[in-house]
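The structure appears below as structure tokens.
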2 protein chains.
Amino acid sequence: MSTTARQRYAAMAEKLRKSGLKSTPQRLAIMRVLSESKRHPSADDIWRHLRRRFPGISQATVYRNIMLIKSLGEAYEIALAGAGCRYDGRKPYPHPHVVCLECGEIIDPELESLRDMTREITAASGFEIRTFRLDFFGRCPACRKKN
Amino acid sequence: MSTTARQRYAAMAEKLRKSGLKSTPQRLAIMRVLSESKRHPSADDIWRHLRRRFPGISQATVYRNIMLIKSLGEAYEIALAGAGCRYDGRKPYPHPHVVCLECGEIIDPELESLRDMTREITAASGFEIRTFRLDFFGRCPACRKKN
DNA sequence: CTAAGTGCAAATGATTTGCAGGTAT
DNA sequence: ATACCTGCAAATCATTTGCACTTAG
């Protein structure tokens, strides 16, 4: 693993400090969850998790801070169809996902062909590509064995 | 153009008839809009459009019928982040989109590299890929000229 | 001190559902 | 005749916002 959770958290907290905004306990705790979670948690997941330590924390605070952290460029929003959004604080930039339709597992593949595809689109459409969303859905190796 | 709006509408209406469900005027009108619109309309767009001919039509009817048409395999839901869903009745199967961040235009590119990418994912992850969502966002040629 | 942040509850906006009356087959 | 449908309004669900009260710097 090239970047550790600790490093991600430090980078987030540092960016926050530099921004001049306040480092509240709730805000830092949300950053910690985002930096550590490999599960692409939803706002609700984060809220539930933090209620242990901050019994009175409100969902509004979680949403507001996720929004802030996104705007600092330190979290990436994954909008999977149907359900609400999920967030990735470990790779805070657009990247492809592969989602298992049976167990819900999400993996982040490295795709050599992504560069080619972007080029192909630019050539064919004349668009200047800024970002993307690229999700594949199927059955993971474990679920393929089960059935 | 390989398939005309007329052909798409006929295919939809035919599938509906075969399903044993009723061919109500509202339902057929929604199919007509979906088969003709190149704009990937939202449920609200369709509702607004149909209010001319059906002054009392409700949004619920539009939503219920879009859901039905989707389940017949005759429309494809495009879940763009932020805004609500939009629908494609002309290509009722998964396909990539390129969306202009400024004017909202959506085009459907043909991507040679999609096959390669699917292969690459299968090889790298062991997933059996069933479907995908693939959206690129940027600025269209017209908007690039403006600024 | 005081701008920024928080909790709470009410507001949103897209979509859905319950129900009573209509309509296609 | 009778399922299936429709319109209406109320209900969801995730997310956002207004407001009065804290708190970090």
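In the text below, chain A, chain B and the rest are named by the order of the sequence lines, each starting its count at 1.
- Using a 4.0 Å cutoff on non-hydrogen atoms, the parts of residues 9-30 of chain B near DNA chain C are B/Lys22, B/Ser23, B/Pro25, ordered by number.
- Between A/Glu36 and A/Arg8 no salt bridge is recorded (no basic side-chain N to carboxylate O distance below 4.0 Å).
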Side chains of residues 23-34 of chain B: which donor-acceptor pairs under 3.5 Å do they make with residues two or more places apart or in other chains?
unit_1: B/Thr24; atom_1: OG1; unit_2: B/Arg27; atom_2: N; d: 3.2
unit_1: B/Arg27; atom_1: NE; unit_2: B/Asn65; atom_2: OD1; d: 2.6
unit_1: B/Arg27; atom_1: NH1; unit_2: B/Lys22; atom_2: O; d: 2.9
unit_1: B/Arg27; atom_1: NH2; unit_2: B/Asn65; atom_2: OD1; d: 3.3

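- At least one side-chain nitrogen or oxygen of B/Tyr63 sits closer than 4.0 Å to the OP1 or OP2 atom of C/dT15.
- Here C/dT16 presents its P atom at 12 Å from CD of B/Gln59, a figure rounded to the nearest Å.
- Partners of B/Tyr9 by ring-ring contact (aromatic ring centres under 6.0 Å, His included), not counting sequence neighbours: none found.
- Using a cut-off of 4.0 Å between Lys/Arg side-chain N and Asp/Glu carboxylate O, A/Asp108 and A/Lys91 are scored as salt-bridged.
- The distance from atom CH2 of B/Trp47 to atom P of C/dA14 is 11 Å, rounded to the nearest whole Å.
- Straight-line distance from the CZ atom of B/Phe54 to the P atom of D/dC5: 15 Å, rounded to whole Å.
- In this structure, B/Gln59 places its CD atom where more than 12 heavy-atom neighbours from other residues, nucleotides or ligands lie under 6.0 Å away.
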Dump the pairs, protein N or O against N or O of nucleotides 8-11 of chain D, anything under 3.5 Å, distances to one decimal.
unit_1: D/dC8; atom_1: OP2; unit_2: B/Gly56; atom_2: O; d: 3.2

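- Across the helix from C/dC1-D/dG25 to C/dT25-D/dA1, the helix axis at one end is tilted relative to the axis at the other end by 30° (nearest 10 degrees, each axis from five pairs).
- Remark: B/Arg130 pairs with B/Glu128 by the salt bridge (Lys or Arg N to Asp or Glu O under 4.0 Å) rule, at least two apart or across chains.
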